[in-house]
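Both counts, for ligands and for their atoms, begin at 1 and track the order of listing.
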Amino acid sequence: MKFPRVLIIGGGFGGLYAARQFRDTLTEVTLVDRSNHHTFQPLLYQVATATLAPSDIAAPLRWLLRKQKNTEVLMAEVERIDPERRVAVLDSGRELPYDYLILAAGARHSYFGHAEWEAIAPGLKSIEDALEIRRRFLSAFEEAEKSTDESERNAYLTFVIIGGGATGVELAGMLPTIARHTLRGEFRNIDTATARVILLEGGPRILPTFAEDLAAHAERDLRELGVDVRTRTMVTSVEPNAVCIGDERIVARTVLWAAGNAASPLGRLLGPTVPLDRAGRVVVQPDLSVPAHPEIFVVGDLAVMTTDGKVVPGVAQGAIQSGRASARNILRVIHGETPKPFRYHNKGELATIGRYKAIADFGHGLHVAGHPAWWFWLFLHILYLAGFRNRLSVLIEWGYAFFRYGLGARLITRRS
Ligand SMILES: Cc1cc2nc3c(=O)[nH]c(=O)nc-3n(C[C@H](O)[C@H](O)[C@H](O)COP(=O)(O)OP(=O)(O)OC[C@H]3O[C@@H](n4cnc5c(N)ncnc54)[C@H](O)[C@@H]3O)c2cc1C
């Protein structure tokens, strides 16, 4: 007997949580991702700053879905989608036919028309990105230790982060902590505590998606850590050894990009009837399907989803909830029922600032900052990580790495 074929593109939060809904259902599910693992993106900055190892925050998709006998996992790049013929085309040329498609391909960085900046200032979306940032970050201290020229040494010990959203703030908060604590006493020619961290934000304040009082709290915490926070600061060029803000030139060997997102190009391939926003995200219908193609659903960071008149934020909960909702709607259609509109439940927003400090917005004006927010953050992340790893091993490994300042993750690996 032939069961309806569901194709899921992307094994991030949206795709993985959609796939899990099809367990023990009469469907044939294929999940395709260009990488073989699911990444817990909210902890990528911990890998980038050598606090956690990649395997602490990622797990093979094949393993995560091993108990789902109706689900196959393919590691491949999807290059094209033909909505009329209902097929997706892989990089090998193989065509994957589907009856229902869930597109959960997420987003990459946007350099606002300056693609040439990417090689100089890498962004953080994947394990590969995190390892590249980790390599540059740790190598900067090694180069500074070797250098006999003071200005060169200073350039190696200056770290610029462009973009004051959650990713930029979390990176900026962690770098001084590593420089002052983890690396302390290991170098002979430099004082790692003198490393400068500069956070540049074009808008009037950091963390624009958080409430003003929480953003102000986070800014104070960053300044206490020694971070030079500069708002209303538009970067005009990024050069191999410097960042320019108009006439000002900040000499720095390590520049990191946390400033913008562009949706996966796959959204554009759904055809002329499918509306996109300026970032290339697909504007979906209330049930998460796209106009003229009720069999195609778009979820997570690639979708513009609206519930209760508000656009759902591009966060993990938005992807998880929309992934699940799209799968449930497909199952409804298969059973001859009407799909339901997606409703997003805001479970709050969190950001950490270094060790032991965080801000939390639980909605309805409930704001928490400082140590209690950090402990809540830790609890929540262990809980979620445990969803795809052994709870005890996560607790032991992560707790050890975190409180011992991640000795094991401080390896400099070369790009192949
Ligand atoms: C550094 C960082 C920190 C974050 N911190 C937080 C946080 O603290 N809290 C929070 O709630 N959210 C946070 N987020 C946001 C959250 O992680 C995202 O909203 C969420 O991951 C989006 O899920 P998604 O499934 O839409 O996309 P993704 O998780 O990006 O997954 C997309 C998947 O699609 C695959 N893919 C893409 N194109 C193709 C293709 N052509 N062929 C095959 N596979 C493809 C990719 O390999 C990837 O696995 C953070 C994001 C980042 C990058």
In terms of relative ring orientation, are [X] and [Y] parallel, tilted or perpendicular, with 30° and 60° separating the classes?
X: Trp377; Y: Tyr45; result: tilted
X: Phe137; Y: Phe141; result: perpendicular
X: His109; Y: Tyr111; result: perpendicular

Less than 4.0 angstrom from a charged side-chain N to a carboxylate O is my criterion; do [X] and [Y] meet it?
X: Asp99; Y: Lys2; value: no
X: Arg86; Y: Glu295; value: yes
X: Arg80; Y: Asp82; value: no
X: Arg94; Y: Glu79; value: no
X: Asp308; Y: Arg343; value: yes
X: Arg220; Y: Glu224; value: no

Protein heavy atom at shortest distance from [atom]:
atom: atom 36 (N) of ligand 1; answer: Arg34 NH1, 3.9 Å
atom: atom 3 (C) of ligand 1; answer: Gln41 O, 3.5 Å
atom: atom 27 (O) of ligand 1; answer: Gly106 CA, 3.5 Å
atom: atom 23 (O) of ligand 1; answer: Ala319 CB, 3.4 Å
atom: atom 53 (C) of ligand 1; answer: Leu124 O, 3.2 Å
atom: atom 10 (C) of ligand 1; answer: Ala316 N, 3.5 Å
atom: atom 25 (O) of ligand 1; answer: Gly14 N, 2.8 Å

What are the atoms of ligand 1, with element, lying closer than 4.0 Å to any heavy atom of [X]?
X: Glu77; value: 40 (C), 41 (N), 42 (N)
X: Gly300; value: 26 (O)
X: Ala104; value: 32 (C), 33 (C), 34 (O)
X: Ala76; value: 42 (N), 43 (C)
X: Gly314; value: 15 (C), 19 (O)
X: Thr167; value: 1 (C), 2 (C), 3 (C)
X: Gly10; value: 33 (C), 34 (O), 35 (C)

Just checking, is any N or O donor in the side chain of Glu170 or Thr352 under 3.5 Å from an acceptor N or O on the other one?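 Glu170 vs Thr352: donor-acceptor pair found between side chains.
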
Ligand 1 N/O within reach of Asp33 N/O, cut-off under 3.5 Å: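 Yes.
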
Ligand 1 contact on [X] by region, counting heavy-atom pairs under 4.0 Å:
X: Ala351; value: neither
X: Val78; value: both
X: Thr39; value: neither

Of the listed options Leu350, Asp301, Val47, Leu44, closest to atom 22 (C) of ligand 1 (non-hydrogen atoms):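 Result: the heavy atom closest to atom 22 (C) of ligand 1 is in Asp301.
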
Quick one: which of Pro313, Ala263, Pro42, Ala105 has a heavy atom closest to atom 5 (N) of ligand 1?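 Of the listed residues, Pro42 has the closest heavy atom.
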
With a 6.0 Å cut-off on the ring centroids, do Phe362 and Phe376 count as close?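 Yes, the ring centres sit under 6.0 Å apart.
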
